[in-house]
Structures are given as C-alpha cells and as structure tokens.
Amino acid sequence: MDDRFNTIAGWTLFAGVVAMGTAYISQKIYHGDEAEMPEKPGFFVEGAEGGEGGSEMSVAEALNLEGVSASAGEALFSKCSACHSIAQGGPNGIGPNLWGVMGQPIGKHVAGFAYSSALAGKGGVWDWENMDAWLKSPRAFANGTKMSFAGLSSIEDRASISLYLNSMGSSLAVPEFVPEADDAAEGEEGAEGVEAAEDTGIAEGVAGDEIADDAEQEVENDAT
C-alpha cells in the first residue's frame, strides 16, 4: 500500500514539475521576460517645437518688417512694466530701470542694482542681436538669471520691443535688411541676357551678309 502511494505521489510531483516548466518556457517564448522591460522608456523623439518648419528670419529682417515699430513695442512693453520702469530717472522695480539700456554693457547699465551673477558676468552690450536673444529666452541667454519671464516666441514682437527700448534714451542705428536675390529670378535674367546676345549676333550677321551682297553687286556693275 505504501509503495503504491509513493508511486502515485511521485508521478503527481513529476507531472507538476513538467507543467510548471512548460508554463515557464511558454511565458519566455510568447511574452518575453517582463522583468527586463523598463518601467519607463528612456526617451521619446519629439518634433520641433510648435511644428513649424524652416529657420527663423534674421533680426535685421524682423526690424524692417511692416508693422514692426516702436509704437507697437510700447504696447507690448506692458508685459514688462510689472517689473521694469522705463522713464528717464524712473525707479528700479523687481528689475532695473530700462531707460537708455540699448548699447549699454549687459548686466551693468544701472549702477548699484543687484544683477544676477549670470547676467553680470555675461559680457558684451545690449545690441540688437543680444536683446533679441534675451527677449526670446532669458534663461537660455543667461543661465541662472533672476528673470522669471519665459520669453517671447514671436520675433516680430521682440523686434518691436527692441525698437521701443531704443527709442527710450538710446539711439542705436537700425541694421538695414537687403533681401537675397532670388536664384530663379537670376536664372531668368541670365537666360534673357544670353537670348538677347544671340539675337544681336544674328542681326549683326544678317547685316553683314547684306553689306557683302551690296559690295559684290557694285563690283559687278563696275565690271560691266
């Protein structure tokens, strides 16, 4: 009786082991090892911010666009007036007074103001390019700045504010913008020039033939 019980128990245990092994192998084949899967993917590749293709226009082009002006910048400056005054002799606020800021050293134009070390150590002056970069993203321009403003995505708005700042106690020359010649237009002009030259050559050739014919006719007349 004991031998029979032991035999049955042995076969039952063996069957259980086989079943467990089969299940494990099936899991590995069809589902993979979940323990090796990360809880969160390492990174995702995202498209360009805003989904806009192409590169941004130059600062010089933006400054010369129709509708970009100091008056438009004055209206936009309301976003800055919570922290900055701009009247001559005006007080500092959270940020420094901005009268005459254009053309002045970055992070130094108001004596005694507690600029961040990131901005004070930036170097350079507030020219058109630097002001545009600052207004676009203060933190990208000077990492560690105290400026909490996120920035303006529109280069037209940045250009208008820069023109307004320049009109308030500064007088930097506005850079001229000269559009690049269109390649297609240049190609057409070149083709027209070649065609005109060919027409001129043909006309001159015809005229030359007519002159030669007249000369031959005169010689024949003299001979007779």
Side-chain angles (χ1 to χ4, degrees), residues 38-65 67-178:
E39 293 182 4
K40 185 177 181 180
F43 62 89
F44 293 98
V45 178
E46 298 179 354
E49 184 178 352
E52 298 180 355
S55 58
E56 193 174 50
M57 71 179 74
S58 68
V59 174
E61 181 177 0
L63 288 167
N64 288 277
L65 284 177
V68 171
S69 64
S71 59
E74 182 178 6
L76 291 165
F77 188 78
S78 61
K79 298 179 180 181
C80 313
S81 59
C83 300
H84 298 275
S85 66
I86 196 169
Q88 185 175 13
N92 296 322
I94 297 174
N97 174 270
L98 296 179
W99 172 264
V101 65
M102 295 294 289
Q104 296 299 312
I106 295 174
K108 296 180 174 65
H109 78 280
V110 174
F113 185 81
Y115 295 97
S116 66
S117 58
L119 193 62
K122 179 71 177 180
V125 298
W126 287 120
D127 57 18
W128 299 107
E129 296 287 343
N130 283 331
M131 184 58 72
D132 177 74
W134 169 254
L135 293 173
K136 183 176 184 179
S137 176
R139 292 185 179 181
F141 182 81
N143 188 20
T145 179
K146 297 176 182 178
M147 183 91 155
S148 59
F149 182 58
L152 296 169
S153 60
S154 169
I155 191 171
E156 292 92 337
D157 288 352
R158 301 196 301 268
S160 289
I161 290 179
S162 296
L163 288 171
Y164 175 61
L165 293 174
N166 193 52
S167 72
M168 300 297 285
S170 303
S171 57
L172 294 184
V174 178
E176 295 182 3
F177 173 69
V178 179

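Only heavy atoms go into these numbers, but all of them, side chains included; no hydrogens, no water, no symmetry mates.
Judged by distance alone, with hydrogens and angles left aside, the side-chain atoms of His84 form no donor-acceptor pair with the main-chain N or O of Asn92 at under 3.5 Å. Checking side-chain atoms of Asn64 against main-chain N and O of Ala60 turns up a donor-acceptor pair under 3.5 Å.
Heavy atoms only, all atoms of each residue included: Val125 and Asn130 are closest at O-ND2, 2.8 Å. Among all heavy-atom pairs drawn from Ser69 and Ser71, the shortest one is OG-OG, 3.0 Å. Scanning both residues, Ala120 and Tyr115, for their nearest heavy atoms gives CB-CB, 4.3 Å. Contact between Arg158 and Asp132 at its shortest, heavy atoms only, is NE-OD1, 2.8 Å. Shortest non-hydrogen contact noted between Trp126 and Leu172 is O-CD1, 3.8 Å. For the residue pair Trp128 and Val174, the shortest heavy atom distance occurs at CZ2-CG2, 3.9 Å.
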Per-pair distances, 0.1 Å, donor-acceptor, side chain in residues 134-152, under 3.5 Å, sequence neighbours excluded:
unit_1 : atom_1 : unit_2 : atom_2 : d
Ser137 : OG     : Ala140 : N      : 3.3
Thr145 : OG1    : Met147 : N      : 3.2
Lys146 : NZ     : Ala114 : O      : 3.0

> Does the pair Leu165 and Met131 meet the rule for a side chain to side chain contact (heavy atoms under 4.5 Å, CB included), with working shown?
Replying inline: CA-CA 10 Å; Leu165 293 174; Met131 184 58 72; 3.9 Å; yes
> Would Met168 and Gln88 count as a side chain to side chain contact (heavy atoms under 4.5 Å, CB included) if you check the C-alpha gap in whole Å, the side-chain angles of each, and the deciding distance to 0.1 Å?
Replying inline: CA-CA 8 Å; Met168 300 297 285; Gln88 185 175 13; over 6 Å; no
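For the atom pair CD (Glu56) and CD1 (Ile155), the distance works out to 4.0 Å, reported to the nearest 0.5 Å. A distance of 11.5 Å separates CG of Leu76 from OG of Ser81, quoted to the nearest 0.5 Å. Considering CG of Leu163 and OG of Ser170, their distance stands at 11.5 Å, rounded to 0.5 Å. Here the CD atom belonging to Glu74 is positioned 11.5 Å from the OG atom belonging to Ser160, to the nearest 0.5 angstrom.
Side-chain contact between Phe77 and Leu98 is present, with heavy atoms from C-beta onward closer than 4.5 Å. No side-chain heavy atom of Val59 sits under 4.5 Å from any side-chain heavy atom of Pro175.
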